[in-house]
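Notes follow the structure.
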Amino acid sequence: GRAGNEGLQNLAINAAVVAVSGTILRQDTRAENSRLERIKRGAELAALRLRLSAGGEIESGFDASGDATPVTSAIVPMSRLRKQKQVLVVTAGEPVLRDMLEQLATTPIGEDLDLWDVVVVPVPLKRGAPWSSGFDAEAAGAQLPRSLAPPAAVEPWQDFLAAEIAQAEKQGIDVEAKGFHLVVRTNGRIGGRVSGMPGWGGIIASLASSMPNKLDRALEPAGVRAGR
């Protein structure tokens, strides 16, 4: 009778509550797993080591050691660049990467990126390939810019990028032919995953508009170049 109907209604309500609670719990678990994965990836990225080019200084005052001496021509972890440099981690097939290195070394772009505290890390897509991808700066009569920071060892960078590359290829991106790059912000977090090679002009213009206090620093060397 009536008591039986109320019992069924209560049972249905309880089942609905349990179902909703289960859904919320699964969502919370997924969110927590995602957060933990981001933390893990962030720690892996911070530990990756790169080689600062000659003269490519970073202020070591941000280092836990308290050493106030600038670091030059040294192998440092990515964590040392926090609060000081924006990093572009670029991967592609060797011909594409070689063209990028040549462009950075033989045009003012490499210098301009250094003026705006941008560091470029070239990582070849092919396992066993050197970071230089066959580019010889000396043979080209050029000098590698301070904005270029090669991996201290290529393989750990390739290992880190493997998941990013797999995801990009799932989306139909031809990483070998077109390239792919990560934008690592000054807080050490990945701020963008971008198909193709970096658009240097747009990057420099964006930085110039967002950091007007550095215009004097940028314009003075540009004036020196123009006066040569």
Side-chain angles (χ1 to χ4, degrees), residues 34-53 56 58 75-101 103-104 109-110 112-114 116-127 129-133 135 144-207 210-211:
S34 178
R35 186 182 72 85
L36 292 174
E37 179 62 21
R38 284 197 302 273
I39 292 172
K40 175 175 174 288
R41 292 283 288 170
E44 291 172 350
L45 178 60
L48 288 173
R49 296 164 68 81
L50 43 78
R51 185 185 297 276
L52 292 180
S53 301
I58 59 171
I75 293 175
V76 298
M78 278 280 287
S79 59
R80 288 291 296 274
L81 274 60
R82 284 180 183 164
K83 300 183 181 179
Q84 302 171 70
K85 304 285 186 180
Q86 180 166 278
V87 182
L88 301 180
V89 183
V90 185
T91 187
E94 287 181 80
V96 179
L97 213 54
R98 183 168 59 248
D99 288 347
M100 181 197 76
L101 293 173
Q103 185 181 31
L104 293 181
I109 292 173
D112 292 341
L113 292 173
D114 181 54
W116 295 105
D117 295 326
V118 176
V119 168
V120 181
V121 184
V123 182
L125 187 63
K126 182 180 177 182
R127 296 279 177 165
W131 68 263
S132 60
S133 299
F135 175 67
L144 293 176
R146 293 185 299 179
S147 57
L148 186 67
V154 172
E155 189 174 352
W157 286 85
Q158 291 174 324
D159 290 343
F160 178 81
L161 287 174
E164 304 284 353
I165 291 168
Q167 185 62 34
E169 289 177 340
K170 280 183 182 178
Q171 297 173 7
I173 298 170
D174 187 343
V175 177
E176 183 172 6
K178 301 295 185 183
F180 176 81
H181 64 281
L182 300 180
V183 179
V184 184
R185 303 203 182 283
T186 53
N187 61 10
R189 297 178 181 177
I190 296 175
R193 296 165 171 83
V194 188
S195 171
M197 303 300 284
W200 304 120
I203 289 170
I204 293 169
S206 175
L207 289 169
S210 64
M211 293 187 289

dist T91:OG1 -> I165:CD1 (nearest 0.5 Å) comes out at 4.5 Å
Could you check whether any side-chain heavy atom of P145 comes within less than 4.5 Å of a side-chain heavy atom of D114, counting everything from C-beta outward?
no
L88 vs V183 side-chain heavy atoms within contact, under 4.5 Å
yes
Side chains of R185 and Q86: does their closest heavy-atom pair fall under 4.5 Å?
yes
Could you tell me whether a side-chain N or O of Q84 sits under 3.5 Å from a main-chain N or O of D117, the two making a donor and an acceptor?
no
Keeping R146 on the side-chain end and L52 on the backbone end, is there a donor-acceptor pair under 3.5 Å?
no
Taking the side chain as every heavy atom from C-beta outward, state whether E169 and V175 have any atom pair closer than 4.5 Å.
yes
Using a 4.5 Å cut-off on heavy atoms from C-beta on, say whether the side chain of E164 contacts that of V89.
no
Can a donor-acceptor pair be found, under 3.5 Å and without considering hydrogens, that links the side chain of W131 to the backbone of A153?
no
Would a 4.5 Å heavy-atom cut-off, applied to side chains only, mark S133 and K126 as touching?
no
Quick one, P151 and V121 - any side-chain contact, counting heavy atoms below 4.5 Å?
yes
With sequence neighbours excluded, what pairs up with E176 under the salt bridge (charged side-chain N to carboxylate O under 4.0 Å, His left out) test?
none
Taking the side chain as everything from C-beta on, heavy atoms only, tell me whether E155 gets closer than 4.5 Å to R127.
yes
Drop me the distance from L104's CG to W200's CH2, to the nearest 0.5 angstrom.
5.0 Å
Kindly compute the distance separating CD1 (I109) from CE (M100), expressed to the nearest 0.5 Å.
11.0 Å
Rounded to the nearest 0.5 Å, what separates atom CG in L48 from atom CG in L161?
8.0 Å
Taking side-chain hydrogen bond (donor to acceptor under 3.5 Å, both in side chains) as the definition, give me every residue that meets it alongside D99, ordered by chain and number, with sequence neighbours left out.
none
Using modelled atom types only, decide if a donor and an acceptor are shared between the side chain of S147 and the backbone of V118 within a distance under 3.5 Å.
no
